[in-house]
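Residue indices begin at 1 and follow the sequence shown. What you see is a predicted model, and the numbers here were worked out from it, not measured in a lab.
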Amino acid sequence: MIYYVTRWKWAFSTSLPLEEEIHFSVVDSNWTAVHFVTLPLVMLCSSLAKLFVLHRMLEFAVPKEDSMRKRWVLGGRVVTAVVTLGCATMIGAGIAAADRHNRAA
């Protein structure tokens with residue numbers, strides 16, 4: 001929320017002192033760095049929630065006696081692990097990008 005308030009103040013102000021303009025640019029830069037970390041977390045949570053819903057639907061759709069059931073369950077676990085590892089990589093890269101962004105600012 002602070003990000004949008006500072007953006008709005010900065011966009012509509014025409015005669016700000018130099019110190020306030022620098023302050024607004026620093027706040028803007030900090031919130032940009034936060035975005036690098038929060039976006040992968042959101043992707044992880046939403047992806048895992050969707051995969052868990054699909055896994056739950058699979059339990060209702062496939063009969064318990066079906067021989068393919070074990071393969072579907074194993075495949076679902078593999079996909080969940082791959083998505084989790086991919087999102088963990090994105091989180092690590094986001095943290096590194098945020099740190100680099102803050103050091104450059």
Side-chain angles (χ1 to χ4, degrees):
M1 184 67 185
I2 294 172
Y3 170 76
Y4 294 111
V5 170
T6 55
R7 273 279 210 198
W8 184 78
K9 285 182 181 178
W10 196 15
F12 292 108
S13 62
T14 55
S15 61
L16 284 178
L18 180 62
E19 295 84 18
E20 287 188 30
E21 286 186 22
I22 292 172
H23 171 71
F24 287 143
S25 67
V26 167
V27 169
D28 184 34
S29 176
N30 288 341
W31 281 104
T32 304
V34 167
H35 180 73
F36 287 135
V37 179
T38 56
L39 181 65
L41 287 173
V42 169
M43 292 292 293
L44 173 68
C45 294
S46 65
S47 298
L48 286 179
K50 290 176 185 179
L51 286 172
F52 288 147
V53 167
L54 289 175
H55 180 70
R56 186 72 175 151
M57 289 172 60
L58 175 71
E59 289 184 14
F60 289 111
V62 179
K64 298 206 185 278
E65 303 86 30
D66 194 7
S67 63
M68 290 292 290
R69 181 177 176 83
K70 290 182 182 178
R71 291 182 187 169
W72 279 104
V73 169
L74 180 64
R77 289 180 182 165
V78 167
V79 168
T80 303
V82 167
V83 168
T84 303
L85 288 174
C87 288
T89 304
M90 282 181 19
I91 291 169
I95 290 171
D99 183 48
R100 185 175 177 95
H101 183 76
N102 277 338
R103 286 185 184 184

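- Taken together through direct or relayed side-chain contacts under 4.5 Å among Ile, Leu, Val, Met, Phe, Trp and Tyr, L39 and L44 form parts of separate hydrophobic clusters.
- Connection of L48 to M90 is not established within any shared hydrophobic cluster, with ILVMFWY side chains joined at heavy-atom distances below 4.5 Å, either directly or through further cluster members.
- Atoms CH2 and CZ, from W72 and R69 in turn, are 12.5 Å apart once rounded to the nearest 0.5 Å.
- Taken from NE2 in H55 to CG in L58, the straight-line distance is 6.5 Å, to the nearest 0.5 Å.
- Hydrophobic cluster membership differs between F52 and V79, with clusters built from Ile, Leu, Val, Met, Phe, Trp and Tyr side chains linked at under 4.5 angstrom.
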